Asks: 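Before I ask anything, let me first share the structure, which is written out below as C-alpha coordinates.
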Amino acid sequence: MTLSVEVHQNEYLPNGAREMHAVLTVTSEGGRALAPPTDKGVVLVVDTSGSMENPGTKIRAARNAAARAISLLPDGTMFALVAGNHEAQVVYPPDSKMLARADSATRANAIASTRRLRGEGGTAISTWLDCARALLEPQPGAIRLAYLLTDGKNESERPEKLAAAIVKAAGVFQCDARGVGTDWVVTELRKISSALLGHLDIISGPEEMEQDFQMFMDRAIGKDIADVVLRVWNPKGASLRFLRQAAPTIEDLTQKGIPAPPLASDFPTGAWAGKETRDYHLCVEVPLGEVGDEKLAARVSLLVGDEVVSQGLVRAIWTDDLARSTRINRRVAAYTGQAEMAQDIEEGVAAYKAGDNETARLRLGRAVRQAAAAGNEATLRLLRSVVDIEDQATGTVKLRPGAGKLPWMQLETRSHRTVPVGRASSPPDVRGGD
(Lines give C-alpha, C1' and ligand atoms only; values in the text may rest on other atoms or scores of the structure.)
Protein backbone atom coordinates (compact mmCIF):
# COMPACT_ATOMS: atom_id res chain seq x y z
CA MET A 1 0.00 0.00 0.00
CA THR A 2 1.25 3.49 -0.87
CA LEU A 3 0.21 6.98 0.21
CA SER A 4 0.68 10.12 -1.87
CA VAL A 5 -0.24 13.81 -1.66
CA GLU A 6 -0.91 16.04 -4.68
CA VAL A 7 -1.26 19.84 -4.52
CA HIS A 8 -3.87 21.72 -6.59
CA GLN A 9 -3.68 25.53 -6.63
CA ASN A 10 -3.36 28.68 -8.68
CA GLU A 11 0.12 29.82 -7.67
CA TYR A 12 -0.42 33.42 -8.80
CA LEU A 13 -1.48 36.21 -6.45
CA PRO A 14 -2.32 39.79 -7.42
CA ASN A 15 -0.07 42.57 -6.16
CA GLY A 16 -0.88 43.23 -2.48
CA ALA A 17 -2.55 39.85 -1.80
CA ARG A 18 -1.35 37.53 0.97
CA GLU A 19 -3.87 34.66 1.16
CA MET A 20 -3.04 31.45 -0.71
CA HIS A 21 -5.48 28.55 -1.06
CA ALA A 22 -4.71 24.98 -2.13
CA VAL A 23 -6.47 21.62 -2.19
CA LEU A 24 -4.39 18.65 -1.07
CA THR A 25 -5.49 15.31 -2.53
CA VAL A 26 -4.28 12.39 -0.43
CA THR A 27 -4.61 8.94 -2.00
CA SER A 28 -3.92 5.47 -0.67
CA GLU A 29 -3.47 2.65 -3.16
CA GLY A 30 -2.70 -1.05 -2.97
CA GLY A 31 0.85 -2.26 -3.30
CA ARG A 32 3.86 -2.59 -1.04
CA ALA A 33 2.92 -2.29 2.61
CA LEU A 34 4.10 0.89 4.35
CA ALA A 35 4.32 -0.94 7.66
CA PRO A 36 3.95 -4.48 9.05
CA PRO A 37 0.37 -5.81 9.33
CA THR A 38 -1.46 -3.96 12.08
CA ASP A 39 -3.75 -5.32 14.76
CA LYS A 40 -7.32 -4.05 14.80
CA GLY A 41 -9.38 -3.32 17.90
CA VAL A 42 -13.14 -2.81 17.50
CA VAL A 43 -15.57 -1.84 20.25
CA LEU A 44 -19.33 -1.83 19.64
CA VAL A 45 -21.21 0.47 22.04
CA VAL A 46 -24.99 -0.06 22.10
CA ASP A 47 -27.41 2.25 23.91
CA THR A 48 -29.38 0.21 26.47
CA SER A 49 -31.21 3.09 28.15
CA GLY A 50 -34.93 2.75 28.87
CA SER A 51 -35.93 4.56 25.67
CA MET A 52 -34.53 1.70 23.58
CA GLU A 53 -37.49 -0.39 24.78
CA ASN A 54 -39.97 2.23 23.52
CA PRO A 55 -40.78 0.65 21.16
CA GLY A 56 -39.13 -2.68 21.88
CA THR A 57 -38.29 -3.12 18.20
CA LYS A 58 -35.28 -0.83 18.75
CA ILE A 59 -33.49 -2.98 21.31
CA ARG A 60 -34.37 -6.17 19.41
CA ALA A 61 -32.94 -4.66 16.21
CA ALA A 62 -29.81 -3.56 18.12
CA ARG A 63 -29.27 -7.10 19.41
CA ASN A 64 -29.60 -8.53 15.90
CA ALA A 65 -27.35 -5.85 14.39
CA ALA A 66 -24.62 -6.35 17.01
CA ALA A 67 -24.76 -10.12 16.48
CA ARG A 68 -24.44 -9.66 12.72
CA ALA A 69 -21.45 -7.31 13.12
CA ILE A 70 -19.68 -9.72 15.46
CA SER A 71 -20.20 -12.57 12.99
CA LEU A 72 -18.21 -10.59 10.40
CA LEU A 73 -15.10 -10.15 12.55
CA PRO A 74 -12.07 -11.79 10.91
CA ASP A 75 -10.02 -14.19 13.01
CA GLY A 76 -7.51 -12.35 15.16
CA THR A 77 -9.44 -9.09 15.43
CA MET A 78 -9.61 -7.76 18.99
CA PHE A 79 -13.12 -6.74 20.00
CA ALA A 80 -15.64 -6.01 22.74
CA LEU A 81 -19.37 -5.33 23.13
CA VAL A 82 -20.42 -2.58 25.54
CA ALA A 83 -23.91 -1.74 26.81
CA GLY A 84 -24.43 1.91 27.72
CA ASN A 85 -27.10 3.65 29.78
CA HIS A 86 -26.37 5.78 32.89
CA GLU A 87 -23.23 3.67 33.14
CA ALA A 88 -21.22 1.43 30.83
CA GLN A 89 -21.02 -2.35 31.12
CA VAL A 90 -18.78 -4.66 29.11
CA VAL A 91 -21.14 -7.38 27.91
CA TYR A 92 -18.35 -9.32 26.19
CA PRO A 93 -15.68 -10.50 26.87
CA PRO A 94 -16.26 -11.75 30.43
CA ASP A 95 -12.94 -10.20 31.50
CA SER A 96 -14.10 -6.62 31.15
CA LYS A 97 -10.58 -5.17 31.31
CA MET A 98 -9.29 -6.45 27.98
CA LEU A 99 -10.44 -7.13 24.45
CA ALA A 100 -11.21 -10.61 23.14
CA ARG A 101 -9.55 -12.17 20.09
CA ALA A 102 -12.00 -13.20 17.38
CA ASP A 103 -12.19 -16.90 16.52
CA SER A 104 -15.08 -19.31 16.03
CA ALA A 105 -15.55 -19.79 19.80
CA THR A 106 -15.32 -16.13 20.88
CA ARG A 107 -17.59 -15.02 18.05
CA ALA A 108 -20.22 -17.58 19.06
CA ASN A 109 -20.01 -16.60 22.72
CA ALA A 110 -20.17 -12.90 21.91
CA ILE A 111 -23.20 -13.40 19.65
CA ALA A 112 -24.92 -15.28 22.48
CA SER A 113 -24.12 -12.39 24.84
CA THR A 114 -26.11 -9.94 22.69
CA ARG A 115 -29.27 -11.53 24.16
CA ARG A 116 -28.39 -9.79 27.44
CA LEU A 117 -28.90 -6.34 25.94
CA ARG A 118 -31.96 -4.89 27.70
CA GLY A 119 -33.21 -1.32 27.82
CA GLU A 120 -33.33 0.40 31.22
CA GLY A 121 -31.95 3.47 32.96
CA GLY A 122 -30.71 6.81 31.68
CA THR A 123 -28.06 8.07 29.25
CA ALA A 124 -24.53 9.11 30.28
CA ILE A 125 -22.40 8.93 27.14
CA SER A 126 -19.18 9.96 28.90
CA THR A 127 -19.15 6.59 30.67
CA TRP A 128 -19.49 4.82 27.31
CA LEU A 129 -16.50 6.67 25.85
CA ASP A 130 -14.45 6.12 28.99
CA CYS A 131 -15.18 2.39 28.83
CA ALA A 132 -14.18 2.17 25.14
CA ARG A 133 -10.99 4.11 25.91
CA ALA A 134 -10.07 1.77 28.78
CA LEU A 135 -10.46 -1.22 26.46
CA LEU A 136 -8.57 0.25 23.49
CA GLU A 137 -5.85 2.29 25.19
CA PRO A 138 -3.67 -0.75 26.04
CA GLN A 139 -3.29 -1.39 22.26
CA PRO A 140 -1.30 1.67 21.08
CA GLY A 141 -0.03 0.07 17.88
CA ALA A 142 -3.43 -1.16 16.69
CA ILE A 143 -6.04 0.41 14.45
CA ARG A 144 -8.56 1.30 17.18
CA LEU A 145 -12.18 1.87 16.17
CA ALA A 146 -15.50 2.24 17.97
CA TYR A 147 -19.14 2.37 16.86
CA LEU A 148 -21.54 4.21 19.15
CA LEU A 149 -25.30 3.84 18.74
CA THR A 150 -27.86 5.88 20.70
CA ASP A 151 -31.49 6.90 20.42
CA GLY A 152 -31.50 9.73 22.94
CA LYS A 153 -29.94 12.78 24.54
CA ASN A 154 -27.08 12.78 27.01
CA GLU A 155 -29.42 13.66 29.89
CA SER A 156 -27.97 11.78 32.88
CA GLU A 157 -24.86 13.92 33.30
CA ARG A 158 -23.61 17.48 32.91
CA PRO A 159 -22.36 18.50 29.42
CA GLU A 160 -18.85 19.23 30.69
CA LYS A 161 -18.45 15.59 31.75
CA LEU A 162 -19.07 14.42 28.19
CA ALA A 163 -16.73 17.13 26.88
CA ALA A 164 -13.96 15.89 29.20
CA ALA A 165 -14.48 12.27 28.06
CA ILE A 166 -14.19 13.34 24.41
CA VAL A 167 -10.89 15.11 25.13
CA LYS A 168 -9.51 12.00 26.85
CA ALA A 169 -10.58 9.74 23.97
CA ALA A 170 -9.09 11.95 21.23
CA GLY A 171 -6.01 10.30 19.79
CA VAL A 172 -6.80 6.97 21.45
CA PHE A 173 -9.50 5.69 19.09
CA GLN A 174 -11.72 6.73 16.22
CA CYS A 175 -15.46 6.67 16.77
CA ASP A 176 -18.41 6.56 14.38
CA ALA A 177 -21.62 7.88 15.96
CA ARG A 178 -25.16 6.93 14.99
CA GLY A 179 -28.46 8.37 16.15
CA VAL A 180 -31.61 6.25 15.85
CA GLY A 181 -34.91 8.02 15.22
CA THR A 182 -35.43 11.70 16.05
CA ASP A 183 -35.00 12.06 19.82
CA TRP A 184 -31.22 12.54 19.86
CA VAL A 185 -29.19 15.74 19.37
CA VAL A 186 -27.17 16.12 16.16
CA THR A 187 -24.70 18.65 17.58
CA GLU A 188 -24.00 16.36 20.54
CA LEU A 189 -23.04 13.36 18.42
CA ARG A 190 -21.20 15.55 15.90
CA LYS A 191 -18.86 16.70 18.68
CA ILE A 192 -17.98 13.06 19.31
CA SER A 193 -17.52 11.98 15.68
CA SER A 194 -15.60 15.14 14.73
CA ALA A 195 -13.18 15.07 17.67
CA LEU A 196 -12.63 11.32 17.28
CA LEU A 197 -12.17 11.37 13.49
CA GLY A 198 -15.27 9.29 12.81
CA HIS A 199 -18.44 9.50 10.74
CA LEU A 200 -21.85 10.74 11.87
CA ASP A 201 -25.14 9.50 10.44
CA ILE A 202 -28.79 9.00 11.24
CA ILE A 203 -30.61 5.66 11.29
CA SER A 204 -34.23 6.42 10.50
CA GLY A 205 -35.71 3.28 12.05
CA PRO A 206 -34.80 -0.04 13.69
CA GLU A 207 -35.04 -1.88 10.39
CA GLU A 208 -31.93 -0.02 9.14
CA MET A 209 -29.65 -0.92 12.06
CA GLU A 210 -28.29 -4.22 10.81
CA GLN A 211 -27.21 -2.80 7.48
CA ASP A 212 -25.49 0.14 9.14
CA PHE A 213 -23.61 -2.07 11.61
CA GLN A 214 -22.50 -4.23 8.69
CA MET A 215 -21.31 -1.20 6.70
CA PHE A 216 -19.27 -0.04 9.68
CA MET A 217 -17.72 -3.46 10.05
CA ASP A 218 -16.85 -3.58 6.34
CA ARG A 219 -15.04 -0.24 6.67
CA ALA A 220 -13.27 -1.35 9.85
CA ILE A 221 -12.04 -4.56 8.24
CA GLY A 222 -10.75 -2.56 5.27
CA LYS A 223 -8.49 -0.28 7.33
CA ASP A 224 -4.80 -1.06 6.71
CA ILE A 225 -2.72 1.81 8.12
CA ALA A 226 -3.11 3.38 11.55
CA ASP A 227 -2.59 7.02 12.49
CA VAL A 228 -1.55 8.74 9.26
CA VAL A 229 -0.40 12.31 9.97
CA LEU A 230 -0.62 15.32 7.66
CA ARG A 231 2.22 17.72 8.56
CA VAL A 232 2.05 21.35 7.42
CA TRP A 233 5.27 23.38 7.57
CA ASN A 234 5.18 27.14 6.99
CA PRO A 235 8.28 29.33 6.55
CA LYS A 236 8.93 32.21 8.94
CA GLY A 237 6.39 34.98 8.45
CA ALA A 238 3.75 32.66 6.98
CA SER A 239 0.85 31.32 9.07
CA LEU A 240 -1.82 28.70 8.63
CA ARG A 241 -5.30 30.25 8.45
CA PHE A 242 -7.20 26.96 8.31
CA LEU A 243 -7.02 23.31 7.31
CA ARG A 244 -10.18 21.33 6.78
CA GLN A 245 -11.04 18.02 5.24
CA ALA A 246 -13.12 18.89 2.19
CA ALA A 247 -14.14 15.44 0.90
CA PRO A 248 -15.79 13.04 1.42
CA THR A 249 -17.06 15.11 4.35
CA ILE A 250 -16.24 18.55 5.73
CA GLU A 251 -14.30 18.46 8.99
CA ASP A 252 -12.41 21.44 10.40
CA LEU A 253 -8.96 20.22 11.48
CA THR A 254 -7.46 23.61 12.31
CA GLN A 255 -7.67 23.25 16.09
CA LYS A 256 -6.48 19.63 15.99
CA GLY A 257 -2.93 20.62 15.01
CA ILE A 258 -0.13 19.42 17.29
CA PRO A 259 3.02 21.60 17.22
CA ALA A 260 5.95 19.89 15.46
CA PRO A 261 8.86 22.34 15.88
CA PRO A 262 10.29 24.06 14.11
CA LEU A 263 7.51 25.88 12.20
CA ALA A 264 5.22 22.87 11.59
CA SER A 265 2.00 21.34 12.90
CA ASP A 266 0.86 17.73 12.72
CA PHE A 267 -2.78 16.96 11.93
CA PRO A 268 -4.04 13.42 12.66
CA THR A 269 -6.14 11.87 9.90
CA GLY A 270 -6.83 8.49 11.51
CA ALA A 271 -6.65 5.08 9.87
CA TRP A 272 -6.75 4.54 6.11
CA ALA A 273 -8.06 1.78 3.88
CA GLY A 274 -6.10 0.25 1.02
CA LYS A 275 -7.89 2.28 -1.64
CA GLU A 276 -9.13 5.66 -0.48
CA THR A 277 -8.96 9.34 -1.45
CA ARG A 278 -9.57 12.39 0.71
CA ASP A 279 -9.24 16.09 -0.13
CA TYR A 280 -8.11 18.81 2.27
CA HIS A 281 -8.52 22.58 1.83
CA LEU A 282 -5.48 24.53 3.08
CA CYS A 283 -5.36 28.31 3.49
CA VAL A 284 -2.07 30.05 4.32
CA GLU A 285 -1.29 33.73 4.90
CA VAL A 286 2.11 34.57 3.41
CA PRO A 287 4.37 37.60 3.85
CA LEU A 288 3.69 40.27 1.25
CA GLY A 289 5.78 39.99 -1.91
CA GLU A 290 6.59 42.24 -4.84
CA VAL A 291 5.52 41.56 -8.43
CA GLY A 292 7.75 38.78 -9.75
CA ASP A 293 8.59 37.37 -6.32
CA GLU A 294 8.10 33.66 -5.67
CA LYS A 295 7.86 32.26 -2.13
CA LEU A 296 7.16 28.89 -0.56
CA ALA A 297 3.88 29.15 1.34
CA ALA A 298 3.82 25.63 2.81
CA ARG A 299 5.41 22.21 2.60
CA VAL A 300 2.96 19.37 3.19
CA SER A 301 4.16 15.93 4.27
CA LEU A 302 2.45 12.60 4.93
CA LEU A 303 3.86 10.62 7.83
CA VAL A 304 3.32 7.01 8.84
CA GLY A 305 5.01 6.69 12.20
CA ASP A 306 8.19 8.73 11.85
CA GLU A 307 8.56 8.06 8.12
CA VAL A 308 7.76 10.76 5.55
CA VAL A 309 6.10 8.88 2.68
CA SER A 310 5.09 11.78 0.41
CA GLN A 311 5.48 15.56 0.14
CA GLY A 312 3.96 18.46 -1.79
CA LEU A 313 4.73 22.18 -2.04
CA VAL A 314 2.37 25.17 -1.97
CA ARG A 315 3.89 28.19 -3.75
CA ALA A 316 2.98 31.87 -4.10
CA ILE A 317 4.00 34.00 -7.10
CA TRP A 318 3.01 37.68 -7.31
CA THR A 319 1.96 39.04 -10.68
CA ASP A 320 0.36 42.10 -12.26
CA ASP A 321 -1.11 39.89 -15.00
CA LEU A 322 -4.86 40.02 -14.29
CA ALA A 323 -5.55 36.90 -16.36
CA ARG A 324 -3.20 34.86 -14.19
CA SER A 325 -4.14 36.23 -10.79
CA THR A 326 -7.92 35.93 -11.27
CA ARG A 327 -7.92 32.28 -12.30
CA ILE A 328 -9.57 30.19 -9.57
CA ASN A 329 -8.47 26.60 -9.18
CA ARG A 330 -11.43 24.33 -9.93
CA ARG A 331 -11.04 22.25 -6.79
CA VAL A 332 -10.57 25.24 -4.50
CA ALA A 333 -13.69 26.91 -5.94
CA ALA A 334 -15.79 23.75 -5.70
CA TYR A 335 -14.88 23.00 -2.08
CA THR A 336 -15.25 26.61 -1.00
CA GLY A 337 -18.80 26.55 -2.36
CA GLN A 338 -19.63 23.24 -0.67
CA ALA A 339 -18.28 24.50 2.67
CA GLU A 340 -20.53 27.55 2.35
CA MET A 341 -23.43 25.22 1.50
CA ALA A 342 -22.89 23.21 4.69
CA GLN A 343 -22.82 26.39 6.76
CA ASP A 344 -26.00 27.67 5.13
CA ILE A 345 -27.77 24.38 5.89
CA GLU A 346 -26.69 24.51 9.54
CA GLU A 347 -27.86 28.12 9.86
CA GLY A 348 -31.10 27.35 8.01
CA VAL A 349 -31.94 24.38 10.25
CA ALA A 350 -31.10 26.42 13.36
CA ALA A 351 -33.35 29.25 12.17
CA TYR A 352 -36.19 26.80 11.50
CA LYS A 353 -35.85 25.34 15.00
CA ALA A 354 -35.97 28.87 16.42
CA GLY A 355 -39.17 29.66 14.48
CA ASP A 356 -37.47 32.09 12.06
CA ASN A 357 -38.91 30.66 8.86
CA GLU A 358 -37.81 33.53 6.61
CA THR A 359 -34.14 33.17 7.54
CA ALA A 360 -34.48 29.40 7.16
CA ARG A 361 -35.95 29.87 3.68
CA LEU A 362 -33.19 32.23 2.57
CA ARG A 363 -30.34 30.10 3.91
CA LEU A 364 -31.72 26.86 2.50
CA GLY A 365 -32.40 28.58 -0.82
CA ARG A 366 -28.77 29.58 -1.04
CA ALA A 367 -27.78 26.01 -0.13
CA VAL A 368 -29.95 24.74 -3.00
CA ARG A 369 -28.12 27.03 -5.44
CA GLN A 370 -24.72 25.90 -4.15
CA ALA A 371 -25.65 22.20 -4.18
CA ALA A 372 -26.89 22.50 -7.75
CA ALA A 373 -23.70 24.26 -8.85
CA ALA A 374 -21.59 21.52 -7.25
CA GLY A 375 -23.69 18.71 -8.72
CA ASN A 376 -24.40 17.47 -5.19
CA GLU A 377 -27.53 15.47 -5.93
CA ALA A 378 -27.58 13.73 -2.54
CA THR A 379 -27.82 17.05 -0.71
CA LEU A 380 -30.38 18.35 -3.19
CA ARG A 381 -32.58 15.34 -2.39
CA LEU A 382 -32.32 16.11 1.32
CA LEU A 383 -33.15 19.77 0.70
CA ARG A 384 -36.18 18.83 -1.41
CA SER A 385 -37.60 16.95 1.57
CA VAL A 386 -37.96 20.23 3.52
CA VAL A 387 -38.34 22.88 0.77
CA ASP A 388 -40.18 23.17 -2.53
CA ILE A 389 -37.69 24.42 -5.14
CA GLU A 390 -39.15 27.01 -7.51
CA ASP A 391 -35.88 28.00 -9.23
CA GLN A 392 -32.79 25.90 -8.59
CA ALA A 393 -30.38 28.27 -10.30
CA THR A 394 -31.37 31.28 -8.19
CA GLY A 395 -32.14 29.33 -5.03
CA THR A 396 -35.78 30.41 -4.85
CA VAL A 397 -37.57 28.05 -2.46
CA LYS A 398 -40.51 27.73 -0.09
CA LEU A 399 -40.53 25.73 3.13
CA ARG A 400 -42.62 22.59 2.86
CA PRO A 401 -45.42 22.62 5.44
CA GLY A 402 -45.71 19.50 7.56
CA ALA A 403 -42.37 18.06 6.46
CA GLY A 404 -41.95 16.36 9.85
CA LYS A 405 -38.93 16.11 12.16
CA LEU A 406 -37.11 13.23 10.45
CA PRO A 407 -36.31 15.02 7.13
CA TRP A 408 -34.96 18.04 9.04
CA MET A 409 -32.70 15.80 11.15
CA GLN A 410 -31.50 13.91 8.09
CA LEU A 411 -30.60 17.21 6.42
CA GLU A 412 -28.78 18.48 9.52
CA THR A 413 -26.90 15.22 10.07
CA ARG A 414 -25.74 14.83 6.47
CA SER A 415 -25.06 18.49 5.70
CA HIS A 416 -21.27 17.96 5.81
CA ARG A 417 -21.18 15.42 2.98
CA THR A 418 -19.55 16.70 -0.20
CA VAL A 419 -19.11 15.67 -3.80
CA PRO A 420 -15.43 14.89 -4.47
CA VAL A 421 -13.94 16.87 -7.34
CA GLY A 422 -12.35 14.09 -9.41
CA ARG A 423 -9.17 14.52 -11.37
CA ALA A 424 -10.58 13.23 -14.63
CA SER A 425 -13.74 15.33 -14.40
CA SER A 426 -12.02 18.55 -13.29
CA PRO A 427 -11.89 21.19 -16.06
CA PRO A 428 -8.99 23.66 -16.20
CA ASP A 429 -8.90 26.60 -13.81
CA VAL A 430 -11.65 29.12 -14.47
CA ARG A 431 -11.73 32.89 -14.52
CA GLY A 432 -12.58 34.46 -11.19
CA GLY A 433 -15.63 36.44 -10.24
CA ASP A 434 -18.62 36.15 -7.91
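Small disclaimer: the values here were computed from a predicted structure and weren't measured.
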Asks: Taking everything shown except Lys191 itself, do over 12 heavy atoms lie less than 6.0 Å from its NZ?
Replies: no
Asks: Between the side chains of Tyr335 and Asp279, is a donor N or O closer than 3.5 angstrom to an acceptor N or O?
Replies: yes
Asks: Verify the ring-centre separation between Phe216 and His199: is it less than 6.0 angstrom?
Replies: no
Asks: Would you check if there is a donor-acceptor pair between the side chains of His86 and Glu157 at a distance under 3.5 Å?
Replies: no
Asks: Do the side chain of Arg278 and the main chain of Pro248 share a donor and acceptor less than 3.5 angstrom apart?
Replies: no
Asks: Have Thr25 and Arg331 got a donor and an acceptor in their side chains that come within less than 3.5 Å?
Replies: yes
Asks: Asn85 and Ser49: side-chain donor and acceptor closer than 3.5 Å?
Replies: no
Asks: Any side-chain heavy atom of Val45 sitting closer than 4.5 Å to one from Tyr147?
Replies: no
Asks: Just by distance, no angles: are the side chains of Thr127 and Glu87 close enough, under 3.5 Å, to form a donor-acceptor pair?
Replies: no
Asks: Are more than 12 heavy atoms from other residues, nucleotides or ligands located less than 6.0 Å from atom CD of Gln255?
Replies: no
Asks: Can you tell me how far OG1 of Thr106 sits from CD1 of Ile70, rounded to the nearest 0.5 angstrom?
Replies: 9.5 Å
Asks: Is there a side-chain hydrogen bond (donor to acceptor under 3.5 Å, both in side chains) between Gln410 and Ser204? Walk through the geometry before answering.
Replies: CA-CA 8 Å; Gln410 289 173 326; Ser204 301; 2.9 Å; yes
Asks: Could you verify whether a donor N or O on one side chain and an acceptor N or O on the other, from Gln214 and Glu210, lie under 3.5 Å apart?
Replies: no
Asks: Hey, does Met78 have a side-chain heavy atom less than 4.5 Å from the side chain of Asp39?
Replies: yes
Asks: Going by atom types alone, do Gln245 and Thr249 pair a side-chain donor with an acceptor below 3.5 Å?
Replies: yes
Asks: Would you please say whether a donor-acceptor pair under 3.5 Å links the side chains of Gln338 and Thr418?
Replies: no
Asks: Any side-chain heavy atom of Val7 sitting closer than 4.5 Å to one from Leu313?
Replies: no
Asks: Would you say Leu196 and Ser193 make side-chain contact, with heavy atoms under 4.5 Å?
Replies: no
Asks: Check the surroundings of atom NZ in Lys97: do more than 12 heavy atoms from other residues, nucleotides or ligands lie under 6.0 Å from it?
Replies: no
